[in-house]
Amino acid sequence: VGSYKSGSDATSFRGVVGNVYVDGNDKPMLSVELDGYIRSTRQQCVNLQNIIEIPNEAYAKQSELREVEFSPVLNRIGSCAFAGCGMLCYGQGELVLPEGLNNIGDGAFTACSNIRRVIIPSSVKKLGAWAFAECTSLRYVTLPSSIVEIPNGLFYNCRLEKVCYD
């Protein structure tokens, strides 16, 4: 059991199950499993450098979360990881996911109402059902050709104007 605090932001993990090592050598962390994650409704920016996997519901319903700095080694975003983060992408409106990401879980960004544009990298092989459902401001999406199946409800209740296949 231990805790992790990233840089100067308020990201904290308590009751981590398993071994997670954070060292000064910028080595990627293994998958982080959370037991009793402590949420802060005042958190506006999250720096997830060196995180390989974002657990299911890790930041769900973070009402003030506006910006996420994704790790270049990020492999998976868990189910409902950012669901209900209505202020996510406030201002710029663009969600650019990192190259190297393989899997976006079910409902990962559901009800993130400030996202207007999503760029999904060519490394993504699997999109979860309802991943961007209820993103009511979403207008533009770039999907990679690596996506061969569009899951149920992927863009449910979004007002898409343009979808590009890269």
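Everything numeric in this text was worked out from a predicted model, so none of it was measured. The figures here come from the full heavy-atom set of this structure, side chains too, leaving out hydrogens, waters and symmetry mates.
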Problem set entry | Heavy-atom donor-acceptor pair, Asn75 side chain to Ile52 backbone, under 3.5 Å | no
Exercise. Is there a side-chain contact between Leu88 and Tyr59, using heavy atoms and a 4.5 Å cut-off?
Worked result: no
Exercise. Where is the tightest heavy-atom contact between Ala60 and Cys80, given as atom of each residue plus distance?
Worked result: CB-O, 3.5 Å
Exercise. Is the backbone of Ala129 close enough, under 3.5 Å, to the side chain of Asp106 for a donor and an acceptor to pair up by distance?
Worked result: yes
Problem set entry | Side-chain touch Arg66/Cys85, heavy atoms, less than 4.5 angstrom | no
Problem set entry | Approximate separation, where rounding is to 0.5 Å, of Leu160 CG and Cys135 SG | 9.5 Å
Problem set entry | Heavy-atom closest pair, residues Ala83 and Gly107 | CB-O, 3.6 Å
Exercise. Can any side-chain N or O of Arg116 pair as donor or acceptor with the backbone N or O of Gln92 at less than 3.5 Å?
Worked result: yes
Exercise. Minimum heavy-atom separation for Thr110 to Glu134, with atom names?
Worked result: CG2-CB, 4.4 Å
Exercise. Is the closest side-chain heavy-atom distance between Phe155 and Val118 below 4.5 Å?
Worked result: no
Exercise. So, does Glu99 use its side chain to make a donor-acceptor pair with the main chain of Ser123 at under 3.5 Å?
Worked result: yes
Exercise. Out of curiosity, Ile54 CD1 to Phe70 CZ, how far, rounded to the nearest 0.5 Å?
Worked result: 5.0 Å
For this session: May I ask you to test the Ile120-Phe132 pair for a side-chain heavy-atom distance under 4.5 Å?
Result: yes
For this session: With rounding to the nearest 0.5 Å, note down the distance linking OH in Tyr140 to CD in Glu94.
Result: 12.0 Å
For this session: Please report the shortest heavy-atom distance between Gly153 and Ala133, naming the atom on each side.
Result: O-CB, 3.5 Å
For this session: Applying side-chain contact (heavy atoms from CB on, under 4.5 Å), run through Arg76 and Asn102 and close with a yes or a no.
Result: CA-CA 6 Å; Arg76 178 181 170 275; Asn102 289 310; over 6 Å; no
Seminar exercise, completed: For Thr136 and Arg159, the nearest pair of non-hydrogen atoms, with its separation, is O-NH1, 3.3 Å
Problem set entry | Inter-residue atom distance Arg117.CZ - Ser137.OG, 0.5 Å rounding | 13.5 Å
Exercise. Does Asn114 use its side chain to pair, donor to acceptor, with the backbone of Gly93 at less than 3.5 Å?
Worked result: no
For this session: Check the surroundings of atom CD in Glu149: do more than 12 heavy atoms from other residues, nucleotides or ligands lie under 6.0 Å from it?
Result: no
Exercise. Below 4.5 Å, heavy atoms only, C-beta onward: do Ile150 and Leu143 meet side chain to side chain?
Worked result: yes
Problem set entry | CD-CG distance between Glu67 and Leu95, expressed to the nearest 0.5 angstrom | 11.5 Å
Problem set entry | Connected via hydrophobic side-chain network under 4.5 Å: Val163 and Ile147 | yes
Problem set entry | Mutual orientation of the aromatic rings belonging to Trp130 and Tyr156 [parallel < 30°, tilted 30-60°, perpendicular > 60°] | perpendicular
For this session: Over all heavy atoms of both residues, which pair between Ser71 and Leu48 is shortest? Give the atoms and the distance, please.
Result: CB-O, 3.0 Å
Problem set entry | Shared hydrophobic cluster, Tyr165 / Ile119 (ILVMFWY, side-chain heavy atoms < 4.5 Å) | no
Seminar exercise, completed: To the nearest 0.5 Å, atom CG of Leu101 lies from atom CG of Leu74 at 5.0 Å
For this session: Measure the shortest side-chain to side-chain distance between Val124 and Leu97 over non-hydrogen atoms and say whether it is less than 4.5 angstrom.
Result: no
